[in-house]
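Structure first, then comments.
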Amino acid sequence: MTTKTQTGLEAIADIFKQSADQNRAAFLPYFPIGFPDYDSSLDAVEAMSKVGVDAFEIGIPFSDPLADGPTIQAATQIALENGTTVRDCLRAVAELRARGVDQPMLLMGYINPLLAYGVDAFVHDAKEAGADGLIVPDLPPEEAAIFSSACADAGLALVFFLAPTSSAERIELVGKQATGFIYVVSLTGVTGERVELPPGLTEFIARVRENTSQPLVMGFGISKPAHARAMNGLVDGFIVGSALVRAGNEGVDTVRDLAKTLRDALD
Amino acid sequence: MTGTINVDSKQLPDARGYYGEYGGRFVPETLVPALDELEAAFHAALADSEFTHELDYLQSTYTGRPTPVSYARRLSDHLGGAQIYLKREDLAHTGAHKINNALGQALLARRIGKQRVIAETGAGQHGVATATAAALLGMECHVYMGTVDMARQQPNVFRMRLLGAEVIPVESGSKTLKDAINEAIRDWVTNVETTFYLLGSALGPHPYPLIVRHFQSVIGDEARQQIVEMAGRLPDACVACVGGGSNAIGLFNAFRDDEDVDLIGVEAGGLGIASGAHAARFADPALGRPGVLHGTRSYVLQDADGQILNTHSVSAGLDYASVGPEHAFLRETERAYYTYATDEETLEAFQLLCQLEGIIPALESAHAIAEVIKRAPTMPKDSILLVNLSGRGDKDLDTVIKELGE
């Protein structure tokens with residue numbers, strides 16, 4: 001088991017420093033625990049950790065994932081049918097640490113399973129397992145007081161979102177409350193692969209940067225090497241989810257190869 | 001009286017949309033600006049006499065409001081206790097109370113400048129009401145409906161299509177109301193700049209529970225006055241079925257300060273609480289616990305790990321894993337009392353109302369009648385029960401034929 005001397009927040013800050021030094025955006029793959037089964041999901045994350053990715057978004061399955069498109073809906077449904085629990089996802093983080101995965105890991109889950117587990121208990125156990133932060137897509141800053149204080153006490157990041165619909169006031173508010181980074185949603189919509197990146201990203205990001213100095217990590221619709229390359233110089237990092245999950249249907253090697261292709265595109 | 005009442009600022013929700021510990025706004029960030037816009041437009045509309053006059057005009061000349069209160073003489077005699085009065089929302093245009101809210105929100109959509117409306121529907125009554133309002137106001141309308149519900153509410157699917165709406169089948173999850181709401185939210189998140197989400201029950205993120213209560217409060221405002229005119233006094237109890245809880249909150253709201261009037265909500269008991277196959281969020285402490293579903297904190301049927309459970313009810317409109325947050329608050333403060341009726345009790349009540357009063361109720365509303373059958377005989381003959389007959393049952397004939405044929 002890796003002995004962690006840094007807080008989660010410090011570990012996350014480091015990835016943006018490193019990638020900035022290399023003049024590229026950081027790459028944060030998403031993968032849900034329990035898809036296509038528990039062991040394979042850990043194998044997929046471990047395999048990706050060896051091709052130079054910067055951090056992970058580790059998905060906790062939920063029965064009603066309303067920010068997700070069909071690919072992640074189907075995968076997390078399979079994970080639930082496999083019996084995957086919140087506790088399994090925490091255990092997965094600890095096991096990945098034991099296997100030597102040393103990148104920051106942020107747990108991504110909808111709010112209700114976290115409430116059912118207990119917010120303080122969850123944050124405590126997430127830290128114990130070796131996680132570095134938390135991403136909750138149906139938790140806007142106004143509702144986050146309990147999560148914010150628990151994460152602050154544990155040194156874990158609590159990531160909030162911004163969207164193309166966000167006003168200057170929202171950007172400022174989210175900028176003040178987010179820790180670790182801000183998850184910038186590239187488009188109005190749900191997760192899922194798109195052929196092209198949406199137009200107007202440069203203007204959108206410029207508008208966000210005017211109102212906050214937090215690191216920005218873009219997600220939704222990013223799936224191809226050309227998309228990944230376009231993140232360099234635009235944002236501090238990006239997340240790829242659905243494309244990797246789809247690759248997960250074909251096996252761990254396919255996931256690793258896609259992650260490597262996306263990572264190599266950044267150099 | 002067809003008036004839209006003003007929202008009393010002393011009443012809940014608070015500024016963040018909370019009713020005590022319940023309510024709030026648990027949504028993806030993309031939707032926050034749209035909810036802010038909706039809240040501002042709603043308050044501006046209420047202060048605009050042109051808006052309230054137009055809604056009142058439509059309610060009286062199009063919906064057919066006020067709907068009557070009927071004295072159920074034969075049912076009262078048969079049960080041998082309380083005198084039973086029915087608030088006849090089944091006589092509103094489109095056959096249920098859902099039109100009250102659909103018209104109000106459709107006028108709001110037009111005011112905000114959005115030409116595309118989307119809705120979720122369970123029994124199809126809210127879908128029909130939304131399709132109707134969209135046809136009346138010349139809007140584009142898409143209705144999400146689980147395929148299980150489409151199969152058991154075929155007539156309403158056909159009605160929606162006749163009214164020019166696109167009915168979008170939802171195959172995910174349990175293929176019922178919960179999943180239809182998921183898909184409607186996904187559509188809204190994608191098309192939020194052009195689209196108005198016309199939510200049909202007193203649930204979802206703030207300000208929806210407030211808006212739906214407001215537009216449905218016409219039920220209780222009318223009924224309170226009507227019962228006083230007919231019976232000479234307020235009722236001893238008001239009874240309504242509770243899925244999301246819009247017809248119930250619409251009735252209860254007018255009686256909230258009448259401390260001597262009991263407020264009774266009836267959930268779907270399905271095959272019985274012990275079976276686990278029900279939609280009784282309050283009646284099953286093992287499965288119904290506070291949680292967050294569809295943007296609001298309320299009672300939610302969930303497993304130990306916080307996964308939302310599939311529900312069962314003979315009535316599609318009550319077949320939902322959560323309940324409007326204000327009902328959770330009314331229950332916790334003991335202002336309202338919640339019970340349940342099983343499928344079997346509901347089917348008996350359905351038939352009894354047909355035979356004794358010549359009224360075919362919606363299966364949802366028959367849950368309220370089932371509670372009346374239990375409660376009325378225990379009450380003195382000079383006591384009064386006011387029941388919200390929230391919809392008519394034409395849509396349910398296939399289901400009832402199937403259930404009774406077995």
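Throughout, a chain's letter reflects where its sequence line sits, starting with A, and its residues are numbered from 1.
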Q. Can A/Glu193 and A/Arg246 be counted as an ion pair, charged N to O under 4.0 angstrom?
A. yes

Q.
Less than 4.0 angstrom from a charged side-chain N to a carboxylate O is my criterion; do B/Lys178 and A/Asp64 meet it?
A. yes

(Q) Under 4.5 Å from any heavy atom of chain A, what part of B/Ile308 do you find: side chain, backbone, both or neither? (A) both

Q: Check each atom of A/Thr191 against the heavy atoms of chain B and say whether the ones under 4.5 Å are side chain, backbone, both or neither.
A: neither

**Q.** Salt-bridge criterion met for B/Asp303 and B/Arg289 (N-O under 4.0 Å)
**A.** no

**Q.** Contacting region of A/Tyr117 [heavy-atom separation from chain B under 4.5 Å]
**A.** neither

Q: Give, as side chain, backbone, both or neither, the part of B/Ser172 having an atom under 4.5 angstrom from any heavy atom of chain A.
A: side chain

Q. Is B/Lys114 paired with B/Glu193 through a side-chain N to carboxylate O contact shorter than 4.0 Å?
A. no

**Q.** Heavy-atom contact with chain B under 4.5 Å, split by part of A/Leu80
**A.** side chain

Q | Region of A/Glu143 in contact with chain B, defined by heavy-atom distances below 4.5 Å | A | both

Q: Measure from NZ or CZ of B/Arg111 to the centre of the six-membered ring of B/Phe42, then state whether that distance is under 6.0 Å and the direction lies within 45° of the axis.
A: no

Q: Would you mind checking which part of A/Val136 comes under 4.5 Å of any heavy atom in chain B, side chain (CB onward), backbone (N, CA, C, O), both or neither?
A: neither

Q. Going by an N to O cut-off under 4.0 Å, is there a salt bridge joining A/Arg170 and A/Glu142?
A. yes

Q: Pick whichever of B/Val32, B/Val192, B/Val300, B/Leu293 has the most heavy-atom pairs under 4.5 Å with chain A.
A: B/Val32

Q. Measuring heavy-atom distances to chain A, does B/Pro28 have an atom under 4.5 Å in its side chain, in its backbone, in both, or in neither?
A. both

Q: Taking only Lys NZ, Arg NE, NH1 and NH2, and the carboxylate oxygens of Asp or Glu, determine whether B/Glu183 and B/Arg186 approach each other closer than 4.0 Å.
A: yes

Q | Test item: A/Pro113 and B/Gln307 side chains (from C-beta on) under 4.5 Å apart, heavy atoms | A | yes

Q: Please look at A/Glu169 and chain B and tell me whether the side chain, the backbone, both or neither of the residue comes under 4.5 angstrom of a heavy atom of that chain.
A: neither

Q) Under a 4.5 Å heavy-atom cut-off, does chain A meet the side chain of B/Arg297, its backbone, both or neither? A) neither

Q: Tell me, for A/Pro140 versus chain B, whether the close heavy atoms (under 4.5 Å) come from the side chain, the backbone, both or neither.
A: both

Q: Name the member of A/Arg87, A/Gln77, A/Gln73 that forms the most heavy-atom pairs with chain B at distances under 4.5 Å.
A: A/Gln73

**Q.** Charged tip of B/Arg331 within 45° of B/Tyr299 ring normal and under 6.0 Å
**A.** yes

Q | Contacting region of A/Pro164 [heavy-atom separation from chain B under 4.5 Å] | A | neither

